[in-house]
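Once you've had a glance at the structure underneath, I'll fire off some questions.
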Amino acid sequence: RSVRAARIGAFKGVTQRLLPTILHPDHVDDPAIGPIVLAMTERVGRKAFELQQAAASGRPDFRPLLGTIACPTLAIGGRQDRVTPPALQEEIVAGIPGASLELLDICGHLAPLEQPDQVNRLLRALLA
């Protein structure tokens, strides 16, 4: 539906109405987060949106290959992520030998924007 809207000229990026599907409810009206997401998606534009949607809908299932990952792996996700729910995040991490998952509270799909201090702390610890 979103791709069709984009093609007929109605695409405006993520709208205020769609923010609750990607952000934790506490962040939808946060002036430091919501407007950034709206501006970011508007800057990406219609063509990039269509390409992203085509890539996501047409990509093969790579879960069988997760077991070949041999580097330290940390997945960071939002506990309230509706796009990639925790159960799916857990499934992905379970397929990677030695991987770990950190689920952040008060966090939807955009962990680096919603919980930047926690994401930075986790990445620093991984890279130390």
Test item: L23 and H109 side chains (from C-beta on) under 4.5 Å apart, heavy atoms: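 No, every pair of side-chain atoms sits at 4.5 Å or beyond.
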Minimum side-chain heavy-atom gap E102-V119 below 4.5 Å: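 No, side chains not in contact.
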Path from V93 to L74 over hydrophobic side-chain contacts below 4.5 Å: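 In one cluster with V93: L74, no.
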Shortest non-hydrogen contact from G67 toward P97: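 For G67 and P97, the tightest heavy-atom pair comes out as O-CG, 3.6 Å.
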I22 vs D81 side-chain heavy atoms within contact, under 4.5 Å: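 A side-chain contact is absent here, since even the closest heavy-atom pair is not under 4.5 Å.
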Cluster link L19 to M40, ILVMFWY, side chain under 4.5 Å: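 Same hydrophobic cluster.
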Verdict with reasoning, C107 to D105, per side-chain contact (heavy atoms from CB on, under 4.5 Å): CA-CA 5 Å; C107 188; D105 291 317; over 6 Å; no
Cluster link I96 to L88, ILVMFWY, side chain under 4.5 Å: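 Yes.
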Distance, nearest 0.5 Å, that separates CD1 of I69 from CD1 of I92: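 Atom-to-atom, I69:CD1 and I92:CD1 are 10.0 Å apart.
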same_hphob_cluster(L122, L101) at 4.5 Å side-chain heavy-atom cutoff: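 Not linked; separate clusters.
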Qualifying residue for side-chain contact (heavy atoms from CB on, under 4.5 Å) with E50, from Q53, R46, Q52: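 Checked Q53, R46, Q52 against E50; only one passes side-chain contact (heavy atoms from CB on, under 4.5 Å): R46.
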Linked, directly or transitively: L110 and L123 (ILVMFWY side chains, under 4.5 Å):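 No.
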Whether R79 side chain and L104 backbone form a donor-acceptor pair below 3.5 Å: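 No.
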Distance (rounded to the nearest 0.5 Å) between F62 CZ and T68 OG1: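 Nearest 0.5 Å value for the CZ-OG1 distance: 10.5 Å.
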I76 side chain near Q115 side chain, heavy-atom distance below 4.5 Å: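 No; the side chains remain at least 4.5 Å from each other.
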Q89 (side chain) donor-acceptor with A75 (main chain) under 3.5 angstrom: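 Checking the backbone N and O of A75 against the side chain of Q89, no donor-acceptor pair under 3.5 Å is found.
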Main-chain N/O of C71 paired to T73 side chain as donor or acceptor, under 3.5 Å: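 Confirmed, T73 side chain pairs with C71 backbone.
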Test item: side-chain donor near acceptor, E114 and H27, under 3.5 Å: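 The answer is yes; a qualifying pair exists.
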Backbone N/O of H24 and side chain of Q80: donor-acceptor pair under 3.5 Å: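 Absent.
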Nearest heavy atoms of L126 and P72, plus distance in Å: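 Of all heavy-atom pairs spanning L126 and P72, the closest is CD1-CB, 4.4 Å.
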Heavy-atom closest pair, residues P116 and L113: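 So the minimum-distance heavy-atom pair works out to CD-O, 3.5 Å.
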Side-chain (R43) to main-chain (L38) donor-acceptor, under 3.5 angstrom: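 Answer holds: no.
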Sub-4.5 Å side-chain heavy-atom contact between P64 and L66: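 No, too far: nothing below the 4.5 Å cut-off.
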Heavy-atom pair with the smallest gap, counting every atom of G78 and P86: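 That closest heavy-atom pairing would be O-CG, 3.9 Å.
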